[in-house]
Amino acid sequence: KAGVTQTPRYLIKTRGQQVTLSCSPISGHRSVSWYQQTPGQGLQFLFEYFSETQRNKGNFPGRFSGRQFSNSRSEMNVSTLELGDSALYLCASSFGGAPYEQYFGPGTRLTVT
Amino acid sequence: KNQVEQSPQSLIILEGKNCTLQCNYTVSPFSNLRWYKQDTGRGPVSLTIMTFSENTKSNGRYTATLDADTKQSSLHITASQLSDSASYICVVSEDRGTYKYIFGTGTRLKVLA
């Protein structure tokens, strides 16, 4: 069974640009959650999508947005990039979100210069 | 404010020794608690998950305990191996109709030969 895949794995962008990250969940999983991980803050929850609807949202500014498609694949978009957005972005999929088991992808390392 | 605190922040032990990592939380209402292992540059991998009624769960050399009364959990690693070098993250799910995950900042473990 294929795991969670994320593309691209590495990305370098300039301040002010926008970026789109992609996540393909495990087959059959309908929930996709996105997280930002930085050395200082650890893992922080961005949002969760279930059946194309945003079900939960963390405390991030509106520059961070996402969507989910009918095949459960999800994208995350960050507009007007700031230096502080440099982080590892992880997505995780599950059958239904908490309390179900989450399976994480390898992450996308975003560097903003 | 719902929080998850882990200690110590980092730990160095010799191969073959045992160690215990701590997790204290103030999350309420509580749904479940997970321990994840995260290798550098990789996504977290689930080790154990415990609900309110469970106080011990094992996964090979990893044993997690939960005291729901004192809101404390521990992860005990027996006979450590070099491959145990990683970050260990405690995650508590909050149940308010829709679930949310609250992450600790992790304990970075280094096992030396």
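The analysis underlying the following values was restricted to heavy atoms, covering all of them including side chains, and did not include hydrogens, waters or symmetry mates. Lettering follows sequence order; numbering is per chain, from 1. On a predicted model such as this, the values are computed, not experimentally measured, just so you know.
Cluster membership for B:Met50 and B:Ile89, using ILVMFWY side-chain heavy atoms within less than 4.5 angstrom, is not shared. Cluster annotation: A:Val4 is not connected to A:Tyr49 through the hydrophobic network of ILVMFWY side chains, with a link wherever side-chain heavy atoms come within less than 4.5 Å.
Contacts between B:Ile102 and chain A at a heavy-atom distance below 4.5 Å are absent for every atom of the residue. Looking at A:Leu43, both its backbone and its side chain come within 4.5 Å of chain B, counting heavy atoms on both sides.
With rounding to the nearest 0.5 Å, the separation of CD in A:Gln37 from CD in B:Gln38 is 4.0 Å. Rounding to the nearest 0.5 angstrom, the gap separating the OH atom in B:Tyr101 from the CG atom in A:Asn56 is 9.0 Å.
Atom CZ of A:Arg15 sits in a sparse spot, with 12 or fewer heavy atoms from other residues, nucleotides or ligands closer than 6.0 Å. Crowding of A:Asn71 atom CG: a count of heavy atoms from other residues, nucleotides or ligands under 6.0 Å exceeding 12. Around CD1 of A:Ile12, the count of heavy atoms belonging to other residues, nucleotides or ligands within 6.0 Å does not exceed 12. Around the CZ atom of B:Phe52, the shell of radius 6.0 Å holds no more than 12 heavy atoms that belong to other residues, nucleotides or ligands.
Interface summary for chain A: among B:Pro44, B:Gly41, B:Gly106, B:Gly104, the most heavy-atom pairs under 4.5 angstrom belong to B:Pro44. Counting heavy-atom pairs closer than 4.5 Å to chain B, the top residue among A:Phe104, A:Tyr35, A:Tyr103 is A:Phe104.
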Original post:
Is there a side-chain contact (heavy atoms from CB on, under 4.5 Å) between B:Ile49 and A:Gln102 once you walk through the steps?
Top reply: CA-CA 11 Å; B:Ile49 176 171; A:Gln102 279 193 121; over 6 Å; no
**OP:** For the pair B:Arg42 and A:Leu90, evaluate side-chain contact (heavy atoms from CB on, under 4.5 Å) and give the outcome as yes or no after the intermediate values.
**Re:** CA-CA 9 Å; B:Arg42 310 282 293 270; A:Leu90 292 159; over 6 Å; no
